[in-house]
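Residue numbering restarts at 1 for every chain, and letters A, B, ... go by the order of the sequence lines.
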Amino acid sequence: MMRDFYGVALDSPLMLGTAQYPSPAILEAAIRGAGASVVTVSLRREGGQGQAFWEIIKGLGVPILPNTAGCYSAKAAITTAQMAREVFETNWIKLEVIGHADTLQPDPFGLLEATESLAADGFEVFPYTTEDQVLAARLLQAGAKVLMPWGAPIGSGLGLNNRYGLRTLRAAFPDIPMVIDAGLGLPSHAAEAMELGFDAVLLNTAVAQAGDPVAMARAFALAVQAGALARAADPMAPRDMAQPSTPVIGKAWL
Amino acid sequence: MRIEVNGSEREVTGPTLHAALAELGWSDARVATALNGAFVPKGVRRETLLKEGDRLEVLAPMQGG
């Protein structure tokens with residue numbers, strides 16, 4: 001069963017970013033071909049490209065999740081969110097308050113402050129957070145109804161860096177929709193996120209920077225489908241010692 | 001008056017933000033505006049007066065992750 005995101009049930013657990021593709025045509029083909037259910041976008045100084053990009057995004061016909069990428073303070077993120085709401089006509093906001101340039105890891109204090117302020121102002125906040133369970137609880141208290149824990153630092157392609165932390169987080173808040181956002185490099189990482197019980201994955205670089213982004217997007221779409229099926233099928237528990245799968249009884253005396 | 005638009009010095013007549021956007025060629029563009037770091041909703045651009053040295057940000061949809 002897929003949890004919904006602020007009342008929106010998604011057709012696919014695959015959310016894709018729209019940056020760094022070789023061309024707008026490849027971006028469009030990748031997103032359509034993979035059946036991505038949500039696309040992320042940003043706001044930047046208008047330099048002549050924005051209006052054409054808007055037409056492409058609007059034409060995809062899927063929910064738009066604007067981000068506050070590059071914001072290093074709650075104030076900057078809040079202002080960006082307000083501007084994004086007007087431009088993209090959505091209350092959804094992928095809230096990024098970045099704490100460090102090398103790791104692009106969230107600033108938990110700024111993130112909490114901005115979540116509280118935006119939720120009170122009617123935004124539907126998707127906070128980009130770590131696997132920290134205490135922070136997660138505080139974000140939910142502040143009004144977030146979705147969490148987006150990282151897999152690994154943005155753009156790193158390292159996969160799920162802290163499986164223990166992510167598993168603990170999933171178990172701690174069983175009713176909260178959660179998206180693994182950032183750090184995925186391969187479809188197997190996405191499948192693993194789904195196997196752990198997460199509701200969706202959001203990635204960008206792994207698809208956009210692949211040699212063939214359209215094929216890679218499709219590979220991720222199949223992987224999340226496999227992972228979700230596996231989760232629903234109740235996987236076996238791992239064990240340390242071998243146990244023969246072929247029956248021992250009836251074995252020949254040779 | 002001289003104001004800063006997206007980081008560059010520009011000469012505009014104004015006097016309102018709405019008028020300045022028209023001068024800059026963004027009348028019908030899908031953009032959001034912030035003046036001196038604070039969001040200015042579309043609906044209040046006509047009543048927002050500019051002054052010398054103001055810092056205007058005009059943001060548009062862009063690719064993002």
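- Of the listed residues (A:E96, A:M83, A:K94), the one with the most heavy-atom contacts under 4.5 Å to chain B is A:M83.
- Of all the listed residues (A:G17, A:A52, A:A76, A:S42), the one sharing the greatest number of non-hydrogen pairs under 4.5 Å with chain B is A:S42.
- Of the charged side-chain nitrogens involved, at least one lies within less than 4.0 Å of a carboxylate oxygen, so that B:R30 and A:E89 count as a salt-bridged pair.
- Not a single donor-acceptor pair under 3.5 Å links the side chain of A:E46 to the backbone N or O of B:V31.
- Side-chain atoms of A:R45 come within 3.5 Å of backbone atoms of B:N6 as a donor-acceptor pair (strictly under, hydrogens ignored).
- Closest heavy-atom contact between B:A60 and A:G50: CB-CA, 4.1 Å.
- Within a 6.0 Å sphere centred on CD of B:E4, other residues, nucleotides and ligands contribute more than 12 heavy atoms.
- Smallest separation of non-hydrogen atoms from B:G64 and A:N204: O-OD1, 3.4 Å.
- A:L43 approaches B:P61 most closely through the heavy-atom pair CD2-N, 4.0 Å.
- When the shell of 6.0 Å around CZ of B:R2 is examined, it contains more than 12 heavy atoms from other residues, nucleotides or ligands.
- Closest non-hydrogen pair, B:G65 versus A:A19, comes out as N-CB, 4.4 Å.
- The distance from the CD atom of A:Q20 to the CD atom of B:Q63 is 10.0 Å, given to the nearest 0.5 Å.
- Remark: A:Y6 OH is packed, more than 12 non-hydrogen atoms of other residues, nucleotides or ligands lying under 6.0 Å away.
- If you measure heavy-atom distances from A:Q51 to chain B, the contacts under 4.5 Å come from the side chain alone.
- Here A:T18 is the residue among A:T18, A:L65, A:T79, A:T80 with the most heavy-atom pairs under 4.5 Å with chain B.
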